[in-house]
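What follows is a set of notes on a single structure, which appears directly below.
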Amino acid sequence: MAQSSIPPIGPLAVTFVSLTLAAYFIFSAIQGDYGILRRAVYQAEADGLQRELNLLQGSIAQLENKTLRLSDHYLDLDLLDQQARDVLGFIRPDEIVIQ
């Protein structure tokens, strides 16, 4: 029997394809649409939106408090006086206005 000096192509091709696929999947896991780096970006965005939500909820709570204080069931005369001065420009007869 004669020995062939040509190396077998099959095992080399399988190894090359396997390494190529492994490199692709590793790259995709790190920088793909659902990779580690994209997850960090999404997490930072979610944290920013959560802070904005907390600020808006605080603002809503303040507005609800003011609405309650000016409602028919509970009237805060100090707040009513302040709003009349700020919005309508009212003053008391015994006050002096300096411009």
Side-chain angles (χ1 to χ4, degrees):
M1 297 232 175
Q3 291 269 349
S4 70
S5 62
I6 300 173
I9 300 292
L12 289 177
V14 169
T15 304
F16 178 73
V17 169
S18 299
L19 289 175
T20 304
L21 285 174
Y24 170 75
F25 286 127
I26 290 171
F27 176 79
S28 181
I30 294 172
Q31 287 193 335
D33 288 340
Y34 302 103
I36 295 170
L37 297 179
R38 186 65 61 137
R39 180 180 169 91
V41 170
Y42 289 151
Q43 188 64 39
E45 185 178 344
D47 292 342
L49 290 173
Q50 185 64 41
R51 282 192 298 276
E52 185 178 348
L53 176 65
N54 292 339
L55 288 174
L56 289 174
Q57 286 175 338
S59 176
I60 288 171
Q62 287 177 349
L63 290 174
E64 286 175 348
N65 183 22
K66 261 190 183 178
T67 303
L68 173 69
R69 290 171 50 197
L70 290 173
S71 69
D72 292 337
H73 304 292
Y74 177 83
L75 185 59
D76 186 357
L77 294 177
D78 291 334
L79 180 62
L80 181 62
D81 184 52
Q82 176 191 355
Q83 291 298 316
R85 291 168 180 270
D86 291 344
V87 176
L88 301 175
F90 285 175
I91 59 170
R92 291 188 197 138
D94 60 342
E95 292 180 335
I96 300 173
V97 177
I98 300 175
Q99 292 183 351

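The first residue in the sequence is number 1, and the count goes up from there.
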Kindly compute the distance separating CG (L49) from CG (L53), expressed to the nearest 0.5 Å. 8.5 Å
Going by side chain to side chain donor-acceptor pair (under 3.5 Å), name the pairs with one or both residues in residues 20-40, residues two or more places apart or in two chains. none
I'd like to check the side-chain contact (heavy atoms from CB on, under 4.5 Å) partners of N65; sequence neighbours left out, ordered by chain and number. R69
For the CG atom of D86 and the CG atom of D81, what is their distance to the nearest 0.5 Å? 9.5 Å
Honestly curious: do Y74 and L70 fall in one hydrophobic cluster under the side-chain, below-4.5 Å linking rule? no
Mind checking the CG-OH spacing from D47 to Y42? Nearest 0.5 Å is all I need. 15.0 Å
Hey, is CD on E52 packed in by over 12 heavy atoms from elsewhere, all under 6.0 Å? no
In this structure, would V17 and F25 fall into the same cluster of hydrophobic residues linked by side-chain contacts under 4.5 Å? yes
Going by side-chain hydrogen bond (donor to acceptor under 3.5 Å, both in side chains), name the residues that satisfy it together with N54, two or more places apart in sequence or in a different chain. Q50
Please check if the side chain of S59 supplies one atom and the backbone of L55 the other of a donor-acceptor pair under 3.5 Å. no
Nearest atoms (heavy-atom pairs only) where S71 meets L68: OG-O, 2.8 Å
